Amino acid sequence: MPFGFLKPKPRPVAPAELRVHDVAGRQLPLRIVENDRARRLTLRIDAGGQGLRITVPPGLARGEVERFLTRHQGWLEQKLAKVPEKPQVRPGIKIPVRGVTHLIVHEPATRGTVEIRQGFDGPELAVFGDRRHLSRRLADFLKREAKKEIEPLVEKHTAVVGRKAKTIRFKDTSSRWGSCTADGNLSFSWRIMMAPKPVINYLVAHEVAHLKEMNHGPKFWKLCEELCPDTERCKAWLKKNGSALQAIGFE
């Protein structure tokens, strides 16, 4: 091939840079990520206020990133002030399951894992066994509930759109509630099981709609509303309350 027709090799994208940024009395992990399609710097706060992410054009000088952070420090402080401190699950606090508040009760002498039951003052989540395993057992419980709730919804909505999901996975993601890949893999945050049932249905409808429309254009939203007529209200609920659910600690 003549020299003039040789295509230049694409410049390798630098790996993400991870560091700590001080803001509003907190030390938050900050990821600086290069993106070939980025034309300007964008700043995002992870759900629950647990981290920051800056997307930058390739080769941008780090001095520009520092100046960008300085200019947006006030905005960060304002936004993070609205994010509640991360509560850790423990006996005596309440967390929602399918939108219904449940009191966490620990029974160390009883064998088993987690059980929903009706207590004197309302629904309870009884966690059995060693106290050290309480957080993990609650997280595992929500994962099991997510599988039971979401898999039938996926089957229902995929039958309508005429597309099949290749796999269904459940994760604890901090930046998004769900995702759909081009080859049909669906992923959901098991934390969605703390949201009301209509919101869970909306999330599943949203990701299933991506099996047919891999964008957020008018056709996508039209399909989403066909699958979930309550799309707008559920989307607004998740935008308003999602950070609080992501902020609950299950470590």
Side-chain angles (χ1 to χ4, degrees), residues 47-48 87 89 93-105 112-119 122-128 133-181 184-212 220-221 223-250:
V89 291
I93 74 164
K94 295 181 178 181
I95 64 170
V97 178
R98 295 180 176 85
V100 179
T101 301
H102 288 66
L103 176 68
I104 298 175
V105 177
T113 54
V114 179
E115 176 185 286
I116 289 183
R117 68 189 186 191
Q118 188 64 30
E124 294 179 348
L125 278 172
V127 187
F128 307 122
H133 306 313
L134 182 140
S135 296
R136 177 179 56 78
R137 286 183 171 173
L138 283 170
D140 289 343
F141 167 78
L142 289 175
K143 292 174 192 175
R144 292 193 298 271
E145 292 299 300
K147 185 178 176 67
K148 287 195 302 186
E149 185 84 15
I150 288 176
E151 287 186 350
L153 287 172
V154 169
E155 185 175 350
K156 170 187 171 183
H157 291 314
T158 52
V160 175
V161 301
R163 302 288 173 88
K164 288 189 176 183
K166 184 177 180 181
T167 61
I168 305 172
R169 298 188 178 99
F170 300 96
K171 304 177 180 180
D172 188 11
T173 51
S174 61
S175 60
R176 58 177 61 185
W177 286 101
S179 65
C180 173
T181 66
N185 295 310
L186 300 181
S187 294
F188 299 95
S189 169
W190 49 260
R191 289 173 180 264
I192 197 63
M193 289 312 300
M194 294 186 282
K197 291 190 71 170
V199 178
I200 300 170
N201 178 58
Y202 156 70
L203 177 64
V204 177
H206 184 114
E207 300 308 332
V208 168
H210 278 313
L211 291 171
K212 192 169 185 179
F220 166 80
W221 288 115
L223 178 57
C224 197
E225 288 177 359
E226 288 175 5
L227 298 174
C228 174
D230 212 12
T231 283
E232 287 302 320
R233 188 173 69 89
C234 292
K235 184 168 66 168
W237 189 97
L238 201 54
K239 183 177 180 180
K240 180 180 179 181
N241 301 284
S243 290
L245 300 185
Q246 293 283 11
I248 298 174
F250 286 87

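Position 1 is the first residue of the sequence, and the numbers go up from there. All of these numbers come straight from a predicted model, not from anything done at the bench.
- Listed by first and then second residue, the side-chain hydrogen bond (donor to acceptor under 3.5 Å, both in side chains) pairs involving residues 153-165 are H157-N201 (not counting sequence neighbours).
- Between the CG atom of L138 and the CZ atom of F250 there is a distance of 6.5 Å, given to the nearest 0.5 Å.
- The CG atom of L245 lies 10.5 Å from the CG atom of L142; values are rounded to the nearest 0.5 Å.
- Remark: T181 OG1 to E207 CD distance equals 10.5 Å, nearest 0.5 Å.
- Contact between C180 and L211 at its shortest, heavy atoms only, is SG-CD2, 3.6 Å.
- Summarising the local packing, NZ of K235 is surrounded by more than 12 heavy atoms from other residues, nucleotides or ligands at distances under 6.0 Å.
- Taking the salt bridge (Lys or Arg N to Asp or Glu O under 4.0 Å) definition, one finds that R233 meets it with D230, sequence neighbours left out.
- Atom-to-atom distance recorded for I192:CD1 and I200:CD1 is 6.0 Å, nearest 0.5 angstrom.
- Nearest approach of S135 to V89, heavy atoms of both residues: OG-CG2, 3.4 Å.
- Scored by the salt bridge (Lys or Arg N to Asp or Glu O under 4.0 Å) test, E115 finds no partners at all (sequence neighbours excluded).
- Around NZ of K212, the count of heavy atoms belonging to other residues, nucleotides or ligands within 6.0 Å does not exceed 12.
- Looking at residues two or more places apart in sequence or on another chain, you find a side-chain contact (heavy atoms from CB on, under 4.5 Å) between A146 and I150, F170, W190, M193.
- Applying the salt bridge (charged side-chain N to carboxylate O under 4.0 Å, His left out) test to every pair with at least one member in residues 94-104, sequence neighbours left out, gives these pairs: R98-E145, R98-E149.
- Here T231 pairs with Y202, W221, C224, E225, C228 under the side-chain contact (heavy atoms from CB on, under 4.5 Å) rule; sequence neighbours left out.
- Taking the side chain as every heavy atom from C-beta outward, V105 and V127 never approach each other to under 4.5 Å.
- Between H206 and H210, the closest side-chain pair of non-hydrogen atoms falls below 4.5 Å.
- Residues that satisfy the side-chain contact (heavy atoms from CB on, under 4.5 Å) test with V100, not counting sequence neighbours, are H102, P123.
- With sequence neighbours excluded, the residues forming a side-chain contact (heavy atoms from CB on, under 4.5 Å) with P196 are P198, V199, W237, listed by chain and number.
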- Query: Taking it one step at a time, do R137 and D140 satisfy salt bridge (Lys or Arg N to Asp or Glu O under 4.0 Å)?
  - Reply: CA-CA 5 Å; R137 286 183 171 173; D140 289 343; over 6 Å; no
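- Contact between V154 and A165 at its shortest, heavy atoms only, is CG1-CB, 4.1 Å.
- Remark: R169 engages no residue in a salt bridge (Lys or Arg N to Asp or Glu O under 4.0 Å) (not counting sequence neighbours).
- Between the CG atom of L186 and the OG atom of S179 there is a distance of 7.5 Å, given to the nearest 0.5 Å.
- Once rounded to the nearest 0.5 Å, the distance linking CD1 of I116 with CG of L125 reads 5.5 Å.
- With sequence neighbours excluded, the residues satisfying side chain to side chain donor-acceptor pair (under 3.5 Å) with E226 are K222.
- Of all heavy-atom pairs spanning R191 and I248, the tightest one is NH1-O, 2.7 Å.
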